[in-house]
J.: 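The following block contains the structure, expressed as structure tokens.
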Amino acid sequence: MSEKRKPYPFDLFEPKWQSHWAENKTYRTPGPGDEGFDPSKPKYYILDMFPYPSGAGLHVGHPEGYTATDIMGRYKRMNGFNVLHPMGWDAFGLPAEQYAIKTNQHPRVTTEANTKNFRRQLQELGFGYDWDREINTTDPKYVRWTQWIFLQLYNSYFCDEDQKAKPVSELEAKGWAQKEIDEVRLAFIHEAPVNWSPSLGTVLSNEEVEEWKKKGETVERRPLRQWMLRITRYAQRLIDELEPLDWPESIKSLQRNWIGRSEGAEVTFDVEGNDITVFTTRPDTLFGATYMVLAPEHPLVAKITTDENKEAVETYVKACASKSDMDRGLDKDKTGVATGAFAINPVNDEKIPVWIADYVMMGYGSGAIMAVPGHDERDFDFAKKFDIEIKQVVTVAATSGRETNPEVAATVGVGTAINSGFLDGLKTKDAKKKIIHWLVENKKGSKKIQFKLRDWLFSRQRYWGEPFPLLWDKETGQHSSVPESELPLLQPEMEDFKPTGDPRGPLVNCTDWIDYSDKLRRETNTMPQWAGSCWYYLRYCDPDNTENFISPEAENYWGNDDGFVDFYVGGKEHAVLHLLYSRFWHKVLNDLGHVKSSEPFKKYFAPGLIMGEDGQKMSKSLGNVVNPDDVVELYGADSLRLYEMFMGPLDQDKPWAMKGVEGVHRFLAKVWRVACSEDAEGKWQLSGKIAEGKNDDLAKITHATIKRVEEAINTLRFNTGISAMMECTNAYTSAGEVPRDLFLTFLKLLSPFAPHLAEEINSALGETELLSEQTWPVLDESLLVESEIQIIVQVNGKLRARLTVPADISKEDLEKQALADDNVSAHTTEKTVRKVIVIPGKLVNIVAN
RNA sequence: GCCGGUGUGGCGGAAUUGGUAGACGCGCUCGAUUCAAAAUCGAGUUUCUUAGGAAGUAUGGGUUCGAUUCCCAUCGCCGGUACCA
């Protein structure tokens with residue numbers, strides 16, 4: 001039994017071309033200062049989200065986006081652009097470390113092995129990356145600049161007046177005290193309840209919690225001192241500056257939602273001599289506030305509680321503390337307890353009771369609310385349960401599906417103010433304005449914009465991450481930064497780097513390392529994985545620079561003013577993590593004058609998820625995972641690339657189908673057989689079908705294909721471009737001979753999609769110049785002009801005839817011919833023709849009744 | 001609940017300034033080739049049908065000579081988010 005014959009010898013020529021490209025550095029991209037750099041060329045920076053090199057190797061999801069960018073990059077290159085298309089490794093972080101622990105090896109060892117495997121897999125797919133620009137977030141040369149950027153954050157504050165970051169040295173110059181400066185740094189230390197994962201032995205950011213819970217890790221709230229980044233100061237800019245970006249609406253919406261902007265007002269109530277401020281989006285309902293609620297964790301709870309209520313309150317607070325946020329969210333049943341204290345409603349001096357209830361969260365707003373049960377569902381439920389007064393202060397117009405009976409439920413919409421003193425008769429919008437004006441005049445409150453976004457918890461208690469380049473004074477407890485000259489600060493070698501459960505992290509056991517001097521010791525926390533990925537797109541532009549994280553020349557050449565990277569492609573699972581974090585860092589770098597743009601990614605696109613053959617998400621437990629290596633082994637890299645592009649629209653989720661891979665594999669074999677055929681011994685040789693000569697029909701379809709492929713690439717609808725090439729190939733297959741120039745043109749169109757096959761045939765035909773280095777074919781529109789065209793004839797909108805007519809036929813003649821058609825007249829007899837619509841070049845529609 | 005996306009043959013999907021619905025591929029059927037098979041090549045493949053047609057792009061309306069495409073309402077599915085005041 002001989003091995004099953006391959007439809008075309010991809011197993012021979014794919015590795016051959018891969019080594020050729022690697023040895024000749026075909027895809028090297030010179031930048032400013034590099035040999036061979038041509039500043040007159042337009043640039044195009046196209047970027048893939050770099051992978052973290054997991055032990056599982058490449059997933060079929062990776063090549064989806066990577067192939068799309070590779071096609072785009074090759075296309076732009078052939079169109080004269082200097083294309084930057086780099087690749088690297090996001091090799092720090094929890095997943096890498098978890099894998100190392102699982103396999104009982106040092107993370108550096110596993111990372112190196114995994115990286116090697118990933119690089120091999122990517123190279124075997126024929127991607128045109130400039131491997132000279134490869135970066136790795138764990139590389140000391142890279143860590144140095146990640147830490148340097150962190151110090152930029154540490155040494156900056158957010159200036160409210162200018163809405164931008166500025167160096168804290170400005171505050172020092174103004175004579176601010178150290179403590180005051182520490183209060184405003186963009187990187188600051190903070191003690192607060194955080195998401196602590198006992199199973200991972202580290203804290204997590206709000207954005208990360210769900211992801212790890214899904215993976216089966218435990219997460220609980222626990223108060224800890226942690227390093228935070230003041231991303232909240234950028235909330236407004238992160239919303240505003242999202243607007244002009246060329247991103248999918250769904251991703252923009254996800255970010256907007258996460259940042260969660262609400263407009264409203266702050267109102268200050270007097271509670272037994274204390275000022276308590278609440279946030280409300282409906283200040284117009286202030287007259288309807290019949291009680292106040294504090295979160296159980298509110299700092300004033302103990303102070304205002306009366307002696308009679310003390311015991312009940314303490315019991316309740318204790319019960320809440322033991323409940324996780326999860327339980328608190330799930331249990332919609334209202335619970336609470338009165339403090340015995342009263343608040344004075346500033347607008348009418350009414351005394352309203354102050355309650356404590358866990359439906360008010362300490363983490364949002366001020367942790368206190370004014371309750372308006374007449375017009376808020378939650379307050380309504382609470383008031384009903386505890387028999388608190390419910391006041392109507394807005395009449396809500398009846399709109400579909402909305403409850404308007406105040407006996408049954410809160411009426412939550414907008415309407416007209418009633419029982420509200422000087423607001424009576426005003427529409428909600430105007431009432432809001434008037435009450436805010438009143439609050440400001442009487443110094444009882446002000447307009448307020450509230451965000452859901454919290455500051456970014458930036459420290460982790462892990463080994464495999466960038467150590468913070470910070471020092472603590474052993475006596476005073478004051479922190480400071482290590483000198484820049486000491487960067488990179490690497491984590492010490494450790495035998496046992498497993499999490500210890502100690503919230504100071506495993507580095508705390510490295511006593512030699514911690515002791516910086518007699519007076520100073522090192523910070524032992526490390527940065528989260530996101531640190532490295534926040535700025536990697538900048539480093540690719542100038543990966544070997546030892547003086548700067550990016551040279552001004554490279555920054556200026558490769559970046560755009562309205563978003564640094566021209567085109568960014570990667571998974572939407574990063575919509576509120578990486579994509580938000582790097583926007584934040586980029587803005588800080590912009591504010592401090594290090595980059596000229598305020599956004600990192602001008603255009604962004606998220607490929608859809610590739611599901612298993614069973615339509616479910618691929619997972620080991622379901623056994624529906626497809627390994628790209630297996631596909632390459634069976635069908636070749638070109639087939640895998642082409643299939644993933646042919647599956648359907650790039651942004652859609654779609655199921656894998658091995659039969660579909662066979663389909664595109666057959667197509668590629670068909671292209672191969674246009675040029676090659678087997679001899680008697682079964683060896684491939686040139687078929688002789690490619691010949692000098694002319695063929696108008698093939699010229700027409702070839703140029704139509706140029707047009708369709710160009711459109712497909714420009715609109716990222718690669719599936720339609722592949723369809724076009726399939727049709728063109730079918731025409732070549734049917735023809736006796738194919739003119740050489742047309743076929744070479746076709747190979748250029750195919751080359752971004754299936755670069756190995758295209759290069760191989762091109763070279764077999766005796767062409768010496770690489771397709772990658774040739775220019776994109778020029779479309780000859782004149783070939784597409786038809787002398788005769790088909791016109792459809794409709795009667796009352798229904799197709800009744802097709803006419804073949806000269807392309808330049810007059811409207812009158814067309815109408816005459818249409819009416820004269822047998823089938824048309826059959827449908828118009830016994831009817832009166834009321835109207836004839838003639839669309840030249842397209843159709844005739846006869847209206848008759 | 002709220003926000004966003006989406007709905008077309010047996011399957012993946014095509015068709016956008018509104019103008020031939022189902023391109024291309026998968027699967028299936030038939031034929032050629034073969035001792036036979038695989039591979040390859042060719043033909044066919046939305047449904048119903050009284051064979052002339054009729055219906056048809058989630059559902060119901062609307063605008064239009066004409067709607068998968070535009071508008072309104074409803075339903076299903078996917079993703080995000082949720083006592084966020």
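First the proteins, then the strands, lettered A, B, ... as listed; each starts at 1.
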J.: Reckon A:Asn730 touches a base, only the sugar-phosphate, or nothing at all at heavy-atom distances under 4.0 Å?
T.: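 Sugar-phosphate, backbone atoms only, no base.
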J.: Searching all strands shown, indicate the nucleotide that pairs with B:A67 (Watson-Crick or G-U wobble; both distances under 3.5 Å).
T.: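 WC or wobble partner does not exist here.
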J.: Pick base, sugar-phosphate or nothing for A:Lys835, based on heavy-atom distances below 4.0 Å to the nucleic acid.
T.: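 Contact class for A:Lys835: sugar-phosphate only.
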J.: Which part of the nucleic acid does A:Arg256 contact within heavy-atom distance under 4.0 Å: base, sugar-phosphate only, or nothing?
T.: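 Answer is nothing: A:Arg256 stays at 4.0 Å or more from every strand.
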J.: Tell which nucleotide pairs with B:C75, taking only Watson-Crick or G-U wobble pairs whose two distances are both under 3.5 angstrom.
T.: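 Check on B:C75: paired to B:G7, both distances under 3.5 Å.
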J.: What is the glycosidic conformation of B:G9: syn, defined as within 90° of 0, or anti?
T.: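 Glycosidic conformation of B:G9: syn.
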J.: With a 6.0 Å cut-off on the ring centroids, do A:Tyr643 and A:Trp656 count as close?
T.: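 Yes.
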J.: If you pin A:Lys659 and A:Gly648 to their nearest nucleotides in RNA chain B, which one's is more 5'?
T.: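 With A:Lys659 and A:Gly648 compared, the 5'-side residue is A:Gly648.
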J.: Would you mind telling me which of B:G53, B:C41, B:A14 lies closest to the side-chain atoms of A:Asn823?
T.: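 Among the listed nucleotides, the one closest to the side chain of A:Asn823 is B:G53.
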J.: Strictly distance-based, threshold 3.5 Å: is any side-chain N or O of A:Asn624 a donor or acceptor partner for the main-chain N or O of A:Glu613?
T.: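 Not a single qualifying donor-acceptor pair exists.
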J.: In Å and rounded to the nearest 0.5 Å, what is the CD to CG distance from A:Glu644 to A:Leu650?
T.: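 So the gap between those two atoms works out to 10.0 Å.
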J.: Remember a base hit wins even if backbone is also touched, and classify A:Pro248 as base, sugar-phosphate or nothing at under 4.0 Å, heavy atoms.
T.: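 No contact at all - A:Pro248 keeps every heavy atom at 4.0 Å or more from the nucleic acid.
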J.: Cationic tip of A:Lys391 within the cone over A:Phe287's six-membered ring, i.e. under 6.0 Å and within 45° of the normal?
T.: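 No; the conditions do not both hold, so A:Lys391 does not lie above the ring face of A:Phe287.
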J.: Classify the nucleic acid contact of A:Gln450 as base, sugar-phosphate or nothing, counting any heavy atom under 4.0 Å across all strands shown.
T.: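 The answer is nothing, as A:Gln450 stays clear of every strand by at least 4.0 Å.
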J.: Select from A:Asn719 and A:Leu799 the residue whose nearest nucleotide in RNA chain B is closer to the 5' end of that strand.
T.: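 Per heavy-atom nearest nucleotide, the more 5' residue is A:Asn719.
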